[in-house]
Amino acid sequence: MKPYSLLISHESDATALDIARAMQATPQGLYRLFFFQAGVSQLNTNCYPTAGQSMAEQWSDFFAATQVDALACVTSALARGVLDTTQATKLGRHPTLCAGAALGGLGQLADAYEHSRVVHIK
């Protein structure tokens, strides 16, 4: 049975992280997380919570613990100021993409559809 991939396009709450944890705990496991549209905001290290850890910190902890492939759509990320080190250097800004995630594109999204069962959280 194929592993799961999770597409995340909503801005923020812990639902996507809870679902990712549940998918990772299945025998099939989690193949890829793909954040796009407003979902990339969950990976922005400049977003601070009113209490507790930010979503970016929680996702970073999850990525470190699981080593799951975590990608932010490069177009969505750039439009929302979520930058990796390379993009930040090009634009003369500081990186804002949380640790453990990388920028990716449609090729990696297509790969997720080919190699896993995809669930989309809107």
Side-chain angles (χ1 to χ4, degrees):
M1 190 170 274
K2 288 183 177 183
Y4 293 102
S5 283
L6 187 58
L7 307 182
I8 301 158
S9 63
H10 71 284
E11 190 168 344
S12 67
D13 71 25
T15 303
L17 182 55
D18 290 340
I19 292 170
R21 286 180 178 135
M23 288 177 163
Q24 182 65 22
T26 66
Q28 297 83 12
L30 190 56
Y31 179 69
R32 176 167 293 149
L33 293 165
F34 193 86
F35 297 80
F36 68 109
Q37 296 173 341
V40 299
S41 298
Q42 292 193 35
L43 305 178
N44 188 341
T45 59
N46 280 342
C47 294
Y48 296 101
T50 55
Q53 276 189 312
S54 70
M55 286 307 302
E57 290 171 317
Q58 291 178 59
W59 279 115
S60 285
D61 291 347
F62 179 76
F63 302 152
T66 62
Q67 301 299 309
V68 68
D69 188 31
L71 300 169
C73 170
V74 66
T75 303
S76 296
L78 292 176
R80 289 167 177 82
V82 179
L83 309 171
D84 66 359
T85 304
T86 303
Q87 293 297 328
T89 301
K90 286 180 186 177
L91 298 170
R93 302 194 184 250
H94 66 281
T96 57
L97 181 64
C98 72
L103 296 181
L106 292 178
Q108 285 124 329
L109 179 57
D111 176 74
Y113 274 100
E114 184 176 337
H115 292 101
S116 63
R117 294 182 295 164
V118 177
V119 175
H120 180 190
I121 300 175
K122 296 182 181 185

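For clarity, every value in this text was computed on a predicted model and none was experimentally measured.
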Any chance you could measure Gln37, atom CD, to Ile8, atom CD1, to the nearest 0.5 Å?
12.5 Å
Counting heavy atoms not belonging to Leu106, are there more than 12 under 6.0 Å from its CG?
no
Heavy-atom pair with the smallest gap, counting every atom of Arg80 and Asn44:
O-ND2, 4.1 Å
Gap separating the CG atom of Leu7 from the CG atom of Leu109, nearest 0.5 angstrom:
5.5 Å
Apply side chain to side chain contact (heavy atoms under 4.5 Å, CB included) to residues Phe36 and Ser9 and explain how you reach the verdict.
CA-CA 5 Å; Phe36 68 109; Ser9 63; 3.6 Å; yes
Applying the 4.5 Å side-chain criterion to the ILVMFWY set and letting contacts propagate, would Met55 and Leu103 be lumped into a single cluster?
yes
Check Gln28 against Pro3 and note the closest heavy-atom contact, atom names and distance.
O-CB, 3.3 Å
With a 4.5 Å cut-off on side-chain heavy-atom distances among I, L, V, M, F, W and Y, is there a chain of contacts connecting Val40 to Val119?
yes
Would a 4.5 Å heavy-atom cut-off, applied to side chains only, mark Asp69 and Gln108 as touching?
no
Minimal heavy-atom distance between Ala112 and Val118, with the atoms involved, is O-CG2, 3.7 Å
Would a hydrophobic clustering, with Ile, Leu, Val, Met, Phe, Trp and Tyr connected at side-chain separations under 4.5 Å, put Leu33 with Tyr113?
no
Under the criterion side chain to side chain contact (heavy atoms under 4.5 Å, CB included), I'd like the reasoning laid out for Arg117 against Met1: C-alpha separation, chi angles, the key distance, then a yes or no.
CA-CA 9 Å; Arg117 294 182 295 164; Met1 190 170 274; 3.5 Å; yes
Worked verdict on Asn46 versus His94 for side chain to side chain contact (heavy atoms under 4.5 Å, CB included):
CA-CA 10 Å; Asn46 280 342; His94 66 281; 3.4 Å; yes
Determine whether a donor-acceptor pair (N or O, by modelled atom type, separation under 3.5 Å) exists between the side chain of Thr96 and the backbone of Thr45.
no
Please work out whether the ring planes of Trp59 and Phe35 are parallel, tilted or perpendicular, with thresholds of 30° and 60°.
perpendicular
Which atom names give the shortest non-hydrogen contact between Ala72 and Ala77, and what distance separates them?
CB-CB, 4.5 Å
Return the CG to CD1 distance between Leu30 and Ile19, rounded to the nearest 0.5 Å.
11.0 Å
For the NZ atom of Lys2 and the NE2 atom of His115, what is their distance to the nearest 0.5 Å?
7.5 Å
Arg93: partners by salt bridge (charged side-chain N to carboxylate O under 4.0 Å, His left out), with sequence neighbours left out
none
Do the side-chain N and O atoms of Gln53 and Asp61 include a donor-acceptor pair separated by under 3.5 angstrom?
yes
Minimum heavy-atom distance between Tyr4 and Ser116, given as atom pair plus value:
C-CB, 4.0 Å
Say you draw a straight line from OG of Ser76 to CZ of Phe34; how long is it, rounded to the nearest 0.5 Å?
7.5 Å
Is there a path of hydrophobic side-chain contacts, each under 4.5 Å between heavy atoms, that joins Met23 and Leu17?
yes
Partners meeting ring pair (Phe, Tyr, Trp, His ring centres under 6.0 Å) with His10 (sequence neighbours left out):
none
Spatial distance of atom CG (Leu6) from atom NE2 (His120) [nearest 0.5 Å]:
9.0 Å
Let me check something: do Leu78 and Leu97 share a hydrophobic cluster, defined by ILVMFWY side-chain heavy atoms less than 4.5 Å apart, either directly or through other members?
yes
Derivation and outcome, side chain to side chain contact (heavy atoms under 4.5 Å, CB included), residues Ser60 and Cys98
CA-CA 6 Å; Ser60 285; Cys98 72; 3.3 Å; yes
